[in-house]
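Inspection log for the structure reproduced underneath, given as structure tokens.
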Amino acid sequence: MPKLVSHPDEVKIVTRRFGQGAANIDKYIELGGYDSAKKCLAQGPDWIINEMKASNLRGRGGAGFPTGMKWSFVPKQSPKAKYVLVNGDESEPGTCKDHLIFLHDPHAVIEGTIIAGLAIGSKLGFIYLRGEYRYLLEIMEKAVADAYAKGFLGKNIFGSDTEFQIITQSGAGAYEVGEESALMESLEGKRGVPRIKPPFPAVVGLYGGPTVINNAETIATVPHVIAMGGEAYAAVGSPRNGGTRLFGVSGHVERPGVYELPMGYNLKKIVYDVAGGVRGGRKLKAVVPGGSSTPVLLPEEIESLGMDFDQVGKAGSMLGSGGVVVIDDQTCIVEFALRTISFYQHESCGWCIPCREGTDWLKKSLTRFHAGFGTAKDIDNIQYLAENMMGRTFCPLGDAAAMPTLGFVKKFRKEFEDHLNGKLCPFAKHTELAVV
Amino acid sequence: MSSETMTIFSPKVAARFDALVQKYPVKRSALVPMLLYAQDEVGYLSDAVIADVAARIGITELEVRNVATYYSMLRFKPAGKFNVQVCTNISCMLRGAYDLFDRFQDELGVGHKGVTPDGVFSLEEVECIGACCWAPAIQVNYDFHDDLTPDQVPAILDTYRGKAKAEGTAAHA
Amino acid sequence: MADVTITVDGKKLTAPAGALLIDVCRKAGIEIPAFCYYPGLSLQAACRMCVVRQEKVPKLQTACTTTVAEGQVFITDSPEITQARKATIELLLGNHPLDCPVCDAGGECELQDMTFKYGAGESLYAEAKQHREEQQWSPAVFYDRPRCILCYRCIRMCGEGMDVWALGVQNRGASAVIAPNGGDRLDCEQCGMCIDVCPVGALTSGSYRYKTRPWEMNHVSTVCTHCADGCKVTLGVRQSNDGSAIVRADNRDKSGINGDFLCAKGRFGFDFVENPERLSKPLVRNAAGKLEPATWEHALRVAAARLKEVRDSRGGSAIGVIGSNVTTNEENYLLQKFARAVLQTNNIDHERTTDYSAFAHALAGHTGRSASLREIAAAPAILLIGGNPTEEHPLLAWELRTNVRLNRARLYIANTAEIKLERQAKAVLRLSANGYTHLPAYLGGSDAAIANTAFREALLAEESLVVIFGQEYRGAPVEELVQWGVNRPNVRFAFLGDLANSRGAADMGLLPSLLPGYVPVTTPGAFAAEYSGMPTAPGKTHPEMLAAAANGQLGALFIVGANPVSSLRSDPAQLKGTFVIVQDIFLTETAALADVVFPAASLYEKTGTITNTYGDVQLVKKGADRAGTKPDFEILVRLAGAMGVDVKALVPFGKTGMTADLGQSRGAQAGEADRHAVWLAARGLEPKLSPFDPLAALDEIERLVPAYKLDRPNLFGGNDATTDPGFVPVSALSGPDLVTPTHNGLFTSGTLGYYSDSLKDLQRHQTPARAETAAD
Ligand SMILES: Cc1cc2nc3c(=O)[nH]c(=O)nc-3n(C[C@H](O)[C@H](O)[C@H](O)COP(=O)(O)O)c2cc1C
Ligand code: SF4
Ligand code: FES
């Protein structure tokens, strides 16, 4: 069972009900659950969207797009049915926050989905969980069944004449399916290959109908935004970055775990204070701030870095999925880069040339390099390759592979050079990697 | 196809599939979960499974294969009764996933994608399984085990060996 | 769509709003490289070669998915863009085997061309390349996986274009591969379209692989010999020991009525010309009753003497002539002229596959009521009655599918059986066994025999309609059906026939009662003066000729490219007492009984025009050459010459106003002109215009047959010129019982198919698979 952690600086909004048995619908109701949905049903779509806009809630899936604005893009009138899609594919390395939400607070996801449905005028929502999350899917399925039994879902939700249904869905192992349009393809029973945009999902999405797609954490936050009021929620965070965020701190820290902290919270404090500092008193080498696709930051870069989308962006990285991966000084960055790239190579859907071939060659070059057979030119080639993938691929997965690579090569060039000319990896432990 | 008479699945799973194809606005949406559930029952996606699923969804076997081969949890050869999936992605790697994986290899005597001769276990090095904050983590079939050290490996394997035996005898009884 | 103005590389371009930037640029001569983009197929944006910069947009954009809107500004050529394209090619080449020296596509490979252009010549990668064995998926299709760049053209062509869906993509990322539907074998229509669209050498053709380098071939654009759709086909021709051989057939220039399309027969079925059983010497039956090789002079002398003798002693009515469905219009025209004017008989016929004369009769007096294939391809609404185009008219099926897919045309189908095109149909009317005869009344509003008002109402609501009907119709029902349509505005017709020039055979008067252009022999008009001595009573049909032979009433039977012994299943003994002359490319059952056999050139080895079943006339160009054979046209002229006929009267070459073939039609064989020159010089004739120039006969056809007023520049430019039988005054109908459709399928083509190993292989490959699915 995943361990729950806590820290005095946490502001528990989304995690408020964690550890209290809220997977049980009665317990959830007892803790104030479904009140927000009822309120939204009474207030109507415009009101909901205004609250959401006021909240400054930005998408927790990675890109940080303002949620209220996203919802407002859905056309009011549509000849085709509209859909809400909850993205629970959570596969970005370093990220396990949605895992806890499904486990501890499945009804928050359902309630958020209902509210999103009310906001855009949809009658059907899907909650898509990655295939590996089978036990969480079973929890979600139970929760959905309970919500139906209570009349919170169905033809007449909460006794109104409004219909809203939810279908839960399982993936079967594919990171790329987390990309919004690939997720729609998967949900339509196809290969998880992204779609050409435009048209964007808000206009043409699932089954060709207007669709809102949000990350599970975003959706689970929605009932809280409604309960607190948009402005109150916004006030918790930093400018243009409303509320709190679930930061999953992993790697070489004393107290890894998922912490709910206000947006803009200092990264250095996350590492040294919240998560208890570098494990075993070692020195900090680098921090990956927001999941494996975000460029690595050096210790000096995290000093005064506030963790919100804008500040991390300004620092040359991204807030991404909020997965903070802490790396100590005993770690080989080349190996770390290789493991990062191996993942993207494995997960590239293969649709477009720069990503399919680029990730494959990056992996091959880095494997050889880490094994001690690299040349000085390889370092340039790796950089050249990554630069030429950036912005050229069909979907952002190519960037997700190229960005961190560029970070590693630029910030740790010296360490790459230390691997040259048959020199054994200075941290050698696993010079040979099993190929995934 | 009349699924009751021709299907290769157990009545329970067949009934579940009959319901599954009814559930969505479009039948084909049932495909990915159906493949996974079919694999859960049969162990892998045999030609017969693919043909059965194709008929249920009303698409060609080629289309089913196009989709099935995309998803990394789906396999086309039998795995062990218990498929041990060791995550070695960054967060787990930083906390000793390779040592853990090595220990599994030693204990089971098989490598990545290997199956033990008795068919009880198979081993796989996998990508991030969403347990980064409780690393290193593994999944045995769908069960998570987290915050592991190599020393815990024998006990974990013993538990599943015991299960395999119990189910084996149950099946014979 | 309203036009918008955009700026590309500083140039102002105007295009309809919403058009794809890549198309707009290409039309304006601005080159945009692309692997995955293929006009008419769905968009992929996968190869990223077409990237361009759009003003005020942060990232490079793909021209293949960018739709144009007013005021946009683009750059398509800059160091940044060149670099992006170069990097993409470098990535592709990283894993590409670079076995160009032995690759079939070498020299016509889009990857090679782009590498040349963007200069990704230097390899950045030190890693080993993935190697995988080449796979044979069918006799026609091989897959060399490492060469594949995953542009998905083949998958889309097979699925969207052909509606076969036999190819897919499996695995993901760098392991992704193209996979056939049968695991390791391809179960499909074997059209080979996937090979054609492959921009590299990943998909190669079983019949062409490792045979030659593209630059060693001459490329000759001609027309397929197989079905009556008349696809344009480009033959790759190479010198061989006994002439020149066809090594490949495809349609790479995409310029004909078939656009991209070619079916298995057009692509692979040319190999009958190479069959070792090809006749290459004239044969004359010797005193011992055996056919033995002879010189042309001898064979011609024997045949001519006998024809002359029978004509002069027993009259022309004692001679019969049977013509062909796969010889050119000029040959057919000349044959009937030879029969009528030289042999003085109307006993001329051919093996009719469709009742074209009934069609012409029905349309008489109504102009503009027959539909060319191009009109069908663009028609907003089509009614298809009977037939099964997918099997028997692959090009028509392609055009109908494409029209539905790209233009949202509405296809209505009325058929007694379920046909595959119903997948594209807006509505289907299932007919009972004799439903076809009730259809005209039904269309006219009667519910007596067919009760389905919805189908009729939808159909009648169409503002214009093309009606395509099959060989189920012949005789009076053709008349009734056409009658229904000509009484309504905007209804056009097409009638489906079988073989490459079945329509031309009928149009050119290979009929006992009708002259070229369906003019009755009883009222020959202008023909009377041209064909001096021509009889004006209708002659015998071909079954009647065989019956006459059996009764000893026929002194001589002259058969060109036909096999009545086989097709009429007649008793060989019937021909015992008749002198039989056969011109053919193989020793058919009929030829084996002949007294003189002339080895003829196939349609791929001659020049002329043929007419497809929609009335579109196309130029046939000489591609291959087979030593020892002669085109039927030349044999006829020589035979007439040997009979002492003034060949200048038969083929009025050199007359004022005549247009000579200035070499356009000769295809790969420049030397042919010299051979003719020798013959001409020996007879003291004008050397520049040859009596073997079929185009001299075309002049006469154009003069005498109103429907054949051809647009010559278009025709010689390699396009189709349409004819309109509605001009033709006709008064006679042929007997419906004389029509025997051949119903060739995807891999059969009568005698030609029988001698094509490729087609037989494909048929064998497909047959067990079909049996298996049928048993399921
Ligand atoms: C390659 C790739 C993988 C992604 N994976 C996930 C994922 O696992 N979960 C998720 O919520 N969003 C993921 N996203 C982001 C989604 O595309 C999408 O932006 C998000 O679900 C929108 O929700 P939000 O606005 O609530 O963040 C991924 C994006 C890309 C490009
Ligand atoms: S960048 Fe291209 S290959 Fe990579 S995942 Fe996206 S579409 Fe697929
Ligand atoms: S042609 Fe545009 S991406 Fe391939």
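The sequence lines fix the lettering, A, B, ..., with proteins before strands; numbering per chain opens at 1.
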Residues from residues 138-146 of chain B approaching chain C under 4.5 Å (heavy atoms): none
message: Sub-4.5 Å heavy-atom contacts with chain C: which residues of residues 57-87 of chain B show up?
response: B/L62, B/R65, B/N66, B/T69, B/Y70, B/Y71, B/S72
message: Using the side-chain contact (heavy atoms from CB on, under 4.5 Å) criterion, which residues pair with C/R145? Sequence neighbours excluded.
response: C/Q130, C/R132, C/Y143, C/V177
Those residues that, when tested against B/R95, pass side-chain hydrogen bond (donor to acceptor under 3.5 Å, both in side chains) (two or more places apart): none
message: How about NZ on C/K760, more than 12 heavy atoms from neighbouring residues, nucleotides or ligands closer than 6.0 Å, or not?
response: yes
message: Given heavy-atom pairs under 4.5 angstrom as the criterion, report whether the side chain, backbone, both or neither of C/A176 touches chain B.
response: neither
